[in-house]
Amino acid sequence: MVNRNLIREFDVSEEDWIDAIGELAPDDVSWLGSQDVDVNQIVEGKIIRIDDEFVLVDVGYKSEGMIPRNEWEPEDPDQPEVGQVIRVLVEDVEDSQGWLDDRGMIVLSKRKAEKIEKWMKVMETVHEGDVVSGLVTRKIKGGLLVDIGVNVFLPASQVDIRRPHDIGEYIGKTIECMVLKIDEARRNIVVSRRSLIESQRAEKKAELLKKLEVGQSRKGIVKNIADFGAFVDLGGIDGLLHITDMSWGRINHPSEMVKIDDELEVMVLHIDYEKEKIALGLKQRQASPWENVAAKYPVGSVVKGTVVNVMSYGAFVKLEDGIEGLVHISEMSWTKRISHPSELVNIDDSIDVVVLRIDEQKQEISLGMKQTQSNPWEKVSDKYPTGSMVKGKVRNLTNYGAFIEIEEGIDGLLHVSDMSWTRKISHPSELVEKGQELECKVLSVDQERRRIALGLKQLDEDPWSTDIPNRYQQGQLVKGKVTKITNFGVFVGLEDGLEGLLHISELSDQKIENPQDVVNVGDEIEVKVLRVDTEERKIGLSRKRVEWAEEDEAAAEANGSSGGSRESAVELKGGVGSADSGPLFKSAASAESDES
């Protein structure tokens, strides 16, 4: 069956066709059927004279006819001879146009007679859908001319399945084509070499699919190369050789392994009969390097490899062709803080690595670089024993403390609670800054968790054990500034970092609902020390007792009350102690505050 939709694009214009093969006789040309001589009739005639311009021929008419001498090409072996009988086309006679040649002779053409006879002979033997063979004679607009007895048109898009870079390469070659279209009116024929190849391939494909089996080795020719693989012609059907099935090793593009027109021996990996798709493999013809990989690279062994790729999460190292392992960024250094693996390695670097894990099923190997060196954390306990003094630079600040770099990659944590004996520090930036050099005391070393605890306040004696109890005693009058107001009382700063709690019940002899009705932050007030708790590191204060005499204090103590309100000694709260301890004072009448 001829595809009518296919041939619509292959029409050659009348002008182009005449330019390509020359003009033929009118449509009413007749085959030699009588002895009468008439216009558009092919007749036999005898050559009676030859000169430089014309050949004189007797066709049995009342006057001779003449043919231009140039209808015989100089290289034509069949040159005209006197007495030779030839077939000619009568183009004009005396009565047809009312005029004759200047010499009074009829006009004849040997060349057109030959073309017409060839065309008529072809029309008797060639039909649409037939396979014909011919010589490619020349290149014309849009395609090629093929001589199958007459010139026929081969469109450029029908020369091959994949359009050649230069169709002129086919000139002088004999090819087979399928007849797509015969236009009798315009006397042209369109042929297709591509359709013939596709038809033949369809037959071969059906035959080949019956014979193909998974696991077979087949020879094929590389026909096309893409980024993801190469298409291989197995002799009637193309199979895809994917880039991942070309080599056990790493390749970036299929062109590194194959070239167009290469002959390959490949293995059939998968066949989709419904979609007529075939997956091929080249590397599968060789044993996988992953066989016995555990024996070749036992866990814990040190091997040399080449860096083949560097990603944000690690580096891939080739141990041999087809065997690559990943050095994760976390396995590159014991101490260095690495933002990107390229800080330590580059592609093509040769490095030593330790085999950490092997997953033969997933074909994955985990490698380590830092394991080729001793772990400095194994010596930290000996190098920085508990109680020793160390110097370092503040590397980073967090809400809970400062990280001090003792040596490259070895940090210690200075917690906010270990910065000052007396100051209540909310953020480490209140006391230290990034880049500052500090001397600290090693409080503890957790080698397994790679943590070192440091202390700054431990460089000095605890003032709560000697200094503060000596300077602040029960009944002493002191001055300080209000630093903070809460619903249960007021914090008073006695000196840098040292605060005491003035409970709401100790603000005034009158009942106070809101401490801000009496004092404001920043006010300087005079208070009396009620108690100093060295264990909880807290000082209790009173403002209303400033004017009390000793006997008033004694009576209050004896009655267990404060201005009429009973008070019980409970766990202290306030000062610089922990936030989860109890209140410094708690009124029995208003047992209301559990805040820290």
Side-chain angles (χ1 to χ4, degrees), residues 160-165 201 204-205 208-209 211-293 296-297 305-328 341-342 345-351 353 358-367:
D160 205 341
I161 293 175
R162 295 179 181 85
R163 185 166 179 169
H165 178 69
R201 283 174 63 87
K204 290 180 180 178
K205 180 189 291 186
L208 186 58
L209 279 173
K211 297 177 181 179
L212 283 180
E213 293 180 3
V214 173
Q216 279 183 345
S217 289
R218 287 274 179 172
K219 287 186 178 180
I221 306 294
V222 178
K223 289 299 182 183
N224 196 22
I225 296 176
D227 291 338
F228 54 85
F231 291 94
V232 180
D233 183 1
L234 300 177
I237 187 170
D238 285 352
L240 173 61
L241 176 58
H242 198 270
I243 186 172
T244 57
D245 291 309
M246 287 185 172
S247 172
W248 291 110
R250 177 188 293 267
I251 59 173
N252 297 313
H253 194 271
S255 58
E256 298 175 18
M257 293 289 297
V258 298
K259 301 289 185 292
I260 290 178
D261 293 331
D262 279 357
E263 184 178 52
L264 303 177
E265 188 162 353
V266 291
M267 180 178 288
V268 179
L269 304 181
H270 178 72
I271 304 172
D272 187 332
Y273 291 97
E274 184 178 344
K275 296 181 179 179
E276 295 185 346
K277 291 185 178 180
I278 301 171
L280 305 174
L282 191 61
K283 71 181 184 181
Q284 286 80 1
R285 298 190 66 255
Q286 301 173 343
S288 170
W290 283 88
E291 293 179 8
N292 301 319
V293 68
K296 287 191 291 183
Y297 304 104
T306 303
V307 178
V308 293
N309 200 12
V310 179
M311 308 296 289
S312 60
Y313 52 84
F316 288 93
V317 179
K318 183 178 78 172
L319 306 183
E320 64 176 77
D321 284 341
I323 300 292
E324 292 180 8
L326 173 65
V327 180
H328 194 269
S342 58
V345 296
N346 295 299
I347 292 176
D348 293 331
D349 283 355
S350 180
I351 60 174
V353 290
I358 296 178
D359 189 329
E360 292 189 56
Q361 186 175 359
K362 294 183 179 180
Q363 295 188 348
E364 294 176 349
I365 298 181
S366 297
L367 304 173

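Worth knowing before you read on, the calculation uses all heavy atoms, side chains too, and leaves out hydrogens, waters and symmetry mates.
Proximity of a side-chain donor or acceptor of Asp245 to a complementary backbone N or O of His242 within less than 3.5 Å is not detected. Looking at Trp248, its side chain never comes within 3.5 Å of a backbone N or O of Asp321 through a donor-acceptor pair. One N or O on the side chain of Lys296 and one on the backbone of Pro289 form a donor-acceptor pair closer than 3.5 Å. Trp290 places no side-chain N or O within 3.5 Å of a backbone atom of Lys362 that could act as its donor or acceptor partner. For the pair Gln216 (side chain) and Lys211 (backbone), a donor-acceptor distance under 3.5 Å is present.
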Test side chain to side chain contact (heavy atoms under 4.5 Å, CB included) on Val293 and Gln363; report intermediate values, then the result.
CA-CA 9 Å; Val293 68; Gln363 295 188 348; over 6 Å; no
Trace of the side chain to side chain contact (heavy atoms under 4.5 Å, CB included) decision for Met246 with Val258:
CA-CA 9 Å; Met246 287 185 172; Val258 298; 4.1 Å; yes
Could you walk me through whether Asn224 and Asp238 satisfy the side chain to side chain contact (heavy atoms under 4.5 Å, CB included) test, starting with their C-alpha distance in whole Å, then the side-chain angles of each, then the deciding distance to 0.1 Å, before giving a yes or no?
CA-CA 10 Å; Asn224 196 22; Asp238 285 352; over 6 Å; no
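Side-chain atoms of Met257 and Lys283, non-hydrogen and from C-beta on, never get closer than 4.5 Å to each other. Residues Val222 and Phe231 are not in side-chain contact: their nearest non-hydrogen atoms beyond the backbone lie 4.5 Å or more apart. Looking at Ser366 and His328, their side chains never come closer than 4.5 Å, going by heavy atoms from C-beta outward. Inter-residue side-chain proximity for Ile347 and Val310 is flagged as met; some heavy-atom pair is nearer than 4.5 Å. Side-chain contact between Arg250 and Glu324: present, with at least one pair of heavy atoms (C-beta onward) separated by less than 4.5 Å. Side chains of Leu319 and Val317 form a contact here, defined as non-hydrogen atoms less than 4.5 Å apart. The closest side-chain heavy-atom distance from His253 to Asp227 is below 4.5 Å. At a threshold of 4.5 Å between non-hydrogen side-chain atoms, the residues Ser247 and Glu256 do not count as touching.
Lys259 NZ: more than 12 foreign heavy atoms inside a 6.0 Å radius. Remark: Asn292 CG is loosely packed, at most 12 non-hydrogen atoms of other residues, nucleotides or ligands lying under 6.0 Å away. No more than 12 heavy atoms of other residues, nucleotides or ligands lie within 6.0 Å of CD in Gln361, so this atom counts as exposed by the packing criterion.
Nearest heavy atom pair, residue Lys223 against residue Asp233, reads CG-CB, 3.6 Å. Closest approach of Leu209 and Glu276 over heavy atoms only: CD1-CG, 3.9 Å. In this structure, Pro254 and Ala226 approach most closely via the heavy-atom pair CG-O, 3.2 Å. For the residue pair Val268 and Glu213, the shortest heavy atom distance occurs at CB-O, 3.5 Å. Closest of all the heavy-atom pairs between Ile278 and Leu280 is CG2-CD2, 3.6 Å. In terms of heavy-atom proximity, Val214 sits nearest to His270 at CG2-CA, 4.1 Å.
One distance of note links CG of Leu212 with CD1 of Ile271; it measures 5.0 Å at 0.5 Å rounding. Taking CD1 from Ile358 and OH from Tyr297, the interatomic distance works out to 9.5 Å, rounded to the nearest 0.5 Å. Separating the CG atom in Leu326 from the CD1 atom in Ile365 is a distance of 11.0 Å, to the nearest 0.5 Å. In this structure, CG on Leu282 lies 9.5 Å from CD on Glu265, to the nearest 0.5 angstrom.
By the side chain to side chain donor-acceptor pair (under 3.5 Å) test, Glu364 pairs with no residue at all, sequence neighbours left out.
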